[in-house]
Amino acid sequence: MELLQTSLILGVVVGIVYSLSGAGLVVIFRTSGYISFTQGDIAAVGLFVGLAAYNSGAGYVWTALLVIAVSTLVGGLVGALITVPLEKHGHLPAALSTIATALIISGLLNLTVGGDPRSFPEVSRSEALSILGVQMSWSDVAGVLVSASVFIGLGVFFSRSRMGVAMRAVNDNKLAGELLGVPDRRLKLVSWTVAGALSGLLGLFVAPILSLSTVSVNTLLVFGFCAIVIGGFDSIFGALVAGTAIGVMTNLTSTYLDPNLVPTVLWASMLLVLLVRPNGLFGRRKLVRV
Amino acid sequence: MTTTVDRPTADPGSAPRRRRRLSDRAATTTGRGRVGARLATLVVACLAIFAFGQSSTPAIKYAVILSVVYAIAVLGNNAVLGLLGEMNLSSGVSMALGAYAFCYFANDGMGVVAAAVAAVALSTALAAIVAIPTTRLQGIFTALATFALAYAIPTLAIYMKEYTGGDEGTPAPFDFEIFGQLVSGSTTGMLVAALVVFAVLAAASLLMLNAAPGRAALMVGESELAGVTNGFNPRVIKVLVWTWAGFAGAVAGVLYALTVGFIGPTGFGFMLGVWILVGGVVAGARSAWGALLGGLFVGLVPVELQSYVPAEGTSIVFGVILLLALLAGGNGLAQWIERIGLLIKERTFGRKKVDA
């Protein structure tokens, strides 16, 4: 019973961080209509710069801010210089360009910092609180609070703010948006910048758990992908619920079956959802005039 | 003085020529038409690869054989990418299924040919089953489901150690002979076998593209609504195309096992699916013979690059080449080669030299 409680509670904690991975992807999808494969590599650049600063004596807060700033900058640059310009050839080339960018960034990181995993600092491992006998560290608490804040912020941004609504409009009907004076290119660049920042934030919580390497943050991309397929491509709330469910499910699989089965269970559950609800649990069904 | 001028419109021979020119241009874009010329190009390309492989060092010959094996997977993946406009990152999974099933059946006492047939049949059936939910996603979003599958396969192979050998892997048959030629490793028999299988599948792919199945798949890929209007069921067409990709991947997997002689989970990571996809984009997703260029890009370029670029930096070159291919319109090298050939043909035969 104790094992089950631990798996469930820690599953929720890890799952909320997984959701953050899906949120970055949803932000780009809502504006541009495709998925980015380079978010993990963008985060890795920020994390390596942050680690260098930390090793030079910077405190954790400054390191975290630097990681987010660098990821934001790199995300914006990738969007501005590579992906958004390639959208003129269609969504497929734009999505493929994110794979190209991921290959280039990971190659550059492998050449400069090497592929060996390193430990990354975290908020604190000391116990913050105990829920039903399960101890949670300050890092866990910070991960949950920050992720929850980000989700509330994004939800309000996309539903209430003019810019958020305009970002959705750009993807829904580009021509109508242009006729109404919505600056689609600028909004897409904003979405790439915000997604870059979210990647850096995700990296701050993932790197201490998985160790920092050129591929460690990328590993979580697969959880993010599953979160948005299960939750619904255009739903921030869906990413949160699905990410949390994935966290619980993966923890239970690791505990009671076999850790090697985690990715397979993840993939199988995604297929199951696709069979029942192709637009995800909370995704909007596209209406077509007939 | 001699000048070159366009033939006047009034000339009775110009209309058919213009139609032919338009038809040629459409053929380069869609990959359909000019079947004879394309089959001839395919044969010439295979012969050139054979000659190159035979005249190379054993290490390069081995890389050439692997390239042809990858070309078969690229060929299957191209059907999904080029016809349906969808992204498949699970070509490595199809290869893994084919390779593992082949080794399991062969090590279980089945003959090599029977094991290969059984492995391909099993893998194709599994590909069809997986394609049913996967095709509920559209366009680039199929990449998400296939990415997750590609990510799952190495650990699943470790989990199923009873059948796959787990972390330690499993050996493949190494003494298989056809017509007295050893089909294994970097032997000439292996090169010929891989090239023959590739040529047969590429020719079949080309012929299907130019027949009703290809027309249906292209229509569904361009517009599902148009497909429905013309009496096709898009879901069925998509599942069939994905199943074809799984079949080609499984064939590639069997040949991969014979070439490498040993298979383990690390050989089928999700990056393999990425390389195969990239190979198809760079070489041209709608060209049957272009798949051979895609295979060479995946199998041979990294080996050749090692002389100039450290192994850790190979992905930079791949990424830059992919970006350049996308900036050039994403039509691929094969289409550009065909376009240049068409331009030369137009310049040579499409204008008339007259004395002014």
Side-chain angles (χ1 to χ4, degrees), chain A residues 25 29 33-35 37 82 85-86 89-97 99-112 114-115 214-215 218-219 221-226 228-229 233 257-268 270-279 288, chain B residues 81 85-87 89 129-130 132-141 143-161 166 225 265 270-271 274-275 277-278 281 285 309-331:
Chain A
L25 300 170
F29 173 78
Y34 53 84
I35 298 297
F37 288 85
I82 298 171
L86 267 169
H89 295 299
H91 283 176
L92 184 63
L96 285 168
S97 76
I99 292 181
T101 313
L103 292 174
I104 293 170
I105 294 177
S106 68
L108 286 171
L109 286 175
N110 274 323
L111 273 180
T112 49
T214 51
V215 293
N218 256 333
T219 307
L221 256 189
V222 72
F223 293 100
F225 284 165
C226 291
I228 62 169
V229 172
F233 291 110
L257 296 173
D258 191 310
N260 283 320
L261 273 181
V262 167
T264 308
V265 169
L266 205 57
W267 168 73
M270 186 165 75
L271 283 197
L272 193 67
V273 170
L274 282 176
L275 274 173
V276 183
R277 286 184 66 90
N279 296 301
V288 180
Chain B
L81 181 68
E86 296 182 339
M87 276 169 76
L89 291 170
I129 292 167
V130 170
I132 292 168
T134 305
T135 51
R136 297 201 74 152
L137 291 168
Q138 287 186 332
I140 55 175
F141 302 107
L144 306 185
T146 52
F147 183 91
L149 174 60
Y151 182 76
I153 280 298
T155 50
L156 184 63
I158 294 169
Y159 176 75
M160 298 176 71
K161 55 181 176 238
L225 197 59
F270 80 91
M271 280 312 287
V274 173
W275 294 138
L277 177 76
V278 170
V281 175
V309 180
E312 298 85 16
T314 309
S315 68
I316 301 172
V317 181
F318 270 58
V320 169
I321 292 174
L322 176 58
L323 267 186
L324 290 175
L326 293 170
L327 283 169
N331 299 318

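First the proteins, then the strands, lettered A, B, ... as listed; each starts at 1. Just so we're clear, the structure is a prediction, and the values are computed from it rather than from any experiment.
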Roughly how far, to the nearest 0.5 Å, is the [atom2] atom of [Y] from the [atom1] atom of [X]?
{"X": "A:I104", "Y": "B:S315", "atom1": "CD1", "atom2": "OG", "result": "8.5 Å"}
{"X": "A:L25", "Y": "B:L144", "atom1": "CG", "atom2": "CG", "result": "8.0 Å"}
{"X": "A:M270", "Y": "B:L149", "atom1": "CE", "atom2": "CG", "result": "8.0 Å"}
{"X": "A:S106", "Y": "B:I316", "atom1": "OG", "atom2": "CD1", "result": "8.0 Å"}
{"X": "B:T314", "Y": "A:N110", "atom1": "OG1", "atom2": "CG", "result": "9.5 Å"}
{"X": "A:I99", "Y": "B:L89", "atom1": "CD1", "atom2": "CG", "result": "5.5 Å"}

*Is the count of non-hydrogen atoms from other residues, nucleotides or ligands lying under 6.0 Å from B:Y159 atom OH greater than 12?*
no

Closest heavy-atom pair and its distance - [X], [Y]:
{"X": "A:A95", "Y": "B:M87", "answer": "CB-SD, 4.2 Å"}
{"X": "A:L111", "Y": "B:P310", "answer": "CD2-CG, 3.8 Å"}
{"X": "B:T155", "Y": "A:P263", "answer": "OG1-CG, 3.5 Å"}
{"X": "A:A100", "Y": "B:G319", "answer": "CB-O, 3.5 Å"}
{"X": "A:W267", "Y": "B:A145", "answer": "CD1-O, 3.5 Å"}

*Pick whichever of B:L156, B:L81, B:T134 has the most heavy-atom pairs under 4.5 Å with chain A.*
B:L156

*In terms of heavy-atom pairs under 4.5 Å with chain A, which of B:E86, B:M160, B:E312 leads?*
B:E312

*So A:L103 and B:W275, side-chain contact (heavy atoms from CB on, under 4.5 Å) or not? Walk me through it.*
CA-CA 10 Å; A:L103 292 174; B:W275 294 138; 3.7 Å; yes

Give, as side chain, backbone, both or neither, the part of [X] having an atom under 4.5 angstrom from any heavy atom of chain B.
{"X": "A:L109", "answer": "neither"}
{"X": "A:V229", "answer": "side chain"}
{"X": "A:I82", "answer": "side chain"}
{"X": "A:L275", "answer": "both"}
{"X": "A:L274", "answer": "both"}

*Residue pair B:L323, A:L86: steps toward the side-chain contact (heavy atoms from CB on, under 4.5 Å) verdict*: CA-CA 9 Å; B:L323 267 186; A:L86 267 169; 4.0 Å; yes

*Select one option (side chain, backbone, both, neither) describing which atoms of B:I153 are under 4.5 Å from chain A's heavy atoms.*
neither

*asked:* Need one label for B:V320: side chain, backbone, both or neither, based on atoms under 4.5 Å from any heavy atom in chain A.
replied: both

*Please test A:T264 against B:Y151 for side-chain contact (heavy atoms from CB on, under 4.5 Å), starting from the C-alpha separation and ending with a verdict.*
CA-CA 8 Å; A:T264 308; B:Y151 182 76; over 6 Å; no

*asked:* If you count heavy-atom pairs within less than 4.5 Å of chain B, which of A:T214, A:L108, A:L266 leads?
replied: A:L108

